[in-house]
Amino acid sequence: MDKAAMDIRPLSRSELPASAAVLARWLIGKTLVREHRRGRMSGRIVETEAYVVGDASGHAYKGKTARNASLFLERGHAYVYFIYGCWFSLNVSAGRAGIGTGVLLRALEPLEGVHLMSRHRLGARVEDLARGPGRLATALDITRALDGRDLCAGGGALWLGDAVAPRGRLGTGPRIGITRETQRVLRFFEKGNRCVSGPRALSG
DNA sequence: AGCCAGATTTTCT
DNA sequence: GAAAATCTGGCTA
């Protein structure tokens, strides 16, 4: 027996800011909902990074390919990529159709379906279930099958919802794990939240 | 808490 | 053939 699903209002595309840097900040505190075969999983978005137009660290920098095509979809679509031989990561496309830019979702604070996430991440503490982009995708069972999905279609397999709780103070800093344009301040997180990835010194 | 190496495969050069 | 928007476990303090 599952508890009743939370009442989460789906976000519509017109609400999303049409710039990666603004969208990344705006998404902190919003909700990501995964409608899985076994049940619903959801969490508060507590950490993001923006990959802006003309950004040498972005996957779209060298143009559109089969791999990154979803980054060029109208804002609010999923771009799922496979990295380091083991992990998937989820982005939200952030520009107009034909513009390659997006927001990497780096961490969630689990809300619903914690037992399902735990099944995908055996042995992890609740605050570590979706703490980091690879862990987030693993916890929610997000694979390339979801690449290109419309995240503004509430009721689909994966969608964005409004905030269900007030957002805490916003923190910012340089992005993690990149080798180019490392000095740009395009990482956003909820200050003090235990589900934010990286060293604690960077998330307070 | 911080540093380091290994894993493992897709993608593009 | 090299690099990659990462994670884990083992080590040192």
Side-chain angles (χ1 to χ4, degrees), chain A residues 19-25 27-28 32 43 45-73 75-95 99-110 117-149 151 158 171-189 192-204:
Chain A
S19 131
V22 181
L23 177 63
R25 176 187 310 239
L27 281 174
I28 300 297
L32 180 68
I45 298 169
V46 296
E47 183 185 4
T48 63
E49 283 177 359
Y51 288 84
V52 302
V53 175
D55 184 344
S57 67
H59 288 182
Y61 184 60
K62 292 178 180 172
K64 189 171 171 179
T65 66
R67 178 205 194 200
N68 67 19
S70 295
L71 265 185
F72 291 78
L73 295 173
R75 70 188 191 274
H77 287 81
Y79 163 50
V80 181
Y81 66 92
F82 188 67
I83 192 72
Y84 298 124
C86 337
W87 309 103
F88 289 98
S89 262
L90 172 67
N91 284 237
V92 180
S93 68
I99 306 294
T101 177
V103 173
L104 171 66
L105 300 189
R106 290 193 57 92
L108 299 182
E109 176 186 338
M117 298 187 206
S118 297
R119 193 178 301 184
H120 302 141
R121 301 241 319 117
L122 294 175
R125 295 173 301 181
V126 171
E127 62 266 35
D128 290 335
L129 282 173
R131 180 171 174 263
R135 293 164 167 180
L136 183 159
T138 301
L140 269 53
D141 193 23
I142 291 170
T143 69
R144 274 229 121 196
L146 295 174
D147 184 52
R149 295 294 183 101
L151 301 176
L158 189 62
T172 64
R175 294 171 294 182
I176 292 176
I178 56 173
T179 57
R180 284 168 290 187
E181 311 231 14
T182 54
Q183 78 290 355
R184 302 184 74 158
V185 178
L186 290 171
R187 174 171 172 263
F188 305 92
F189 56 91
N193 192 299
R194 302 296 286 178
C195 300
V196 174
S197 76
R200 298 292 181 208
L202 293 181
S203 57

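Computed from a prediction, not measured in an experiment: that's the story for all the values here. Chain identifiers are assigned alphabetically (A, B, ...) following the order of the sequence lines, protein sequences preceding nucleic acid strands; residue numbering begins at 1 within each chain.
When rounded to the nearest whole Å, the span between CZ of A:Arg184 and C1' of C:dA5 equals 15 Å. With rounding to whole Å, A:Glu181 atom CD is found 13 Å from C:dA5 atom P. To the nearest angstrom, C1' of B:dA7 lies 10 Å from CH2 of A:Trp87. Between A:Leu136 atom CG and C:dT6 atom C1' the separation is 13 Å, expressed in whole Å. At whole-Å resolution of the value, CD1 in A:Ile178 and P in C:dA5 are 9 Å apart. Rounded to whole Å, atom P of C:dA5 lies 16 Å from atom CD of A:Glu47. The separation between A:Leu71 atom CG and C:dA5 atom C1' is 11 Å, rounded to whole Å. Between the CZ atom of A:Arg135 and the P atom of C:dA5 there is a distance of 18 Å, given to the nearest Å.
For A:Pro133 and A:Gly85, each mapped to the nucleotide of DNA chain C holding its nearest heavy atom, the one lying further toward the 5' end belongs to A:Gly85.
Within the 4.0 angstrom heavy-atom criterion, only backbone atoms of the sugar-phosphate kind lie near A:Thr179; the bases stay farther away. Contact annotation for A:Ser89: no contact, since no heavy-atom pair falls under 4.0 Å across all strands. Residue contacts for A:Arg175: at a heavy-atom cut-off of 4.0 Å it reaches no nucleic acid atom on any strand shown. Looking at heavy-atom distances under 4.0 Å, A:Arg121 makes contact with sugar-phosphate atoms alone, never a base. At the heavy-atom level, A:Gly134 lies under 4.0 Å from the strands shown only through sugar-phosphate atoms.
Rounding to the nearest 0.5 Å places CZ of A:Arg106 at 14.0 Å from SG of A:Cys195. Taking CG of A:Asp141 as the reference point, atom CZ of A:Arg121 lies at 13.0 Å (rounded to 0.5 Å). Going from atom CZ of A:Arg175 over to atom CG of A:Leu104 covers 10.0 Å, rounded to the nearest 0.5 Å.
For A:Thr138, no side-chain nitrogen or oxygen approaches OP1 or OP2 of C:dC7 to under 4.0 Å. One finds no side-chain N or O of A:Arg180 lying less than 4.0 angstrom from the OP1 or OP2 phosphate oxygen of C:dA3.
For DNA chain C, the stems formed by at least three consecutive Watson-Crick or G-U pairs, with both atom-pair distances below 3.5 Å, span B:1-7 with C:6-12, B:9-12 with C:1-4.
The minimum heavy-atom distance between A:Leu23 and A:Ala94, with the atom names listed, is CD2-CB, 3.8 Å. Nearest heavy-atom pair across A:Leu129 and A:Ala124 is CD2-CB, 4.0 Å.
Judged purely by atom type and a 3.5 angstrom limit, A:Arg75 has no side-chain atom pairing as donor or acceptor with the backbone of A:Ser19. Checking side-chain atoms of A:Asn68 against main-chain N and O of A:Gly63 turns up a donor-acceptor pair under 3.5 Å. Side chain of A:Glu109 to main chain of A:Val46: no donor-acceptor pair is present (N/O by atom type, distance under 3.5 Å, no hydrogens or angles). When atom types are taken as modelled, the side chain of A:Asn91 and the backbone of A:Gly102 share no donor-acceptor pair closer than 3.5 angstrom.
For A:Pro199, whose side chain is taken as the heavy atoms from C-beta onward, the closest listed nucleotide among B:dG2, C:dT6, C:dA5 is B:dG2.
Other residues, nucleotides and ligands place no more than 12 heavy atoms under 6.0 Å from the OH atom of A:Tyr61.
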Dump the pairs, protein N or O against N or O of nucleotides 10-13 of chain B, anything under 3.5 Å, distances to one decimal.
| from | atom 1 | to | atom 2 | distance (Å) |
| --- | --- | --- | --- | --- |
| B:dC12 | OP1 | A:Thr65 | OG1 | 2.6 |

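Taking only distance into account, the side chain of A:Tyr84 never meets the base of B:dA7 through a donor-acceptor pair shorter than 3.5 Å.
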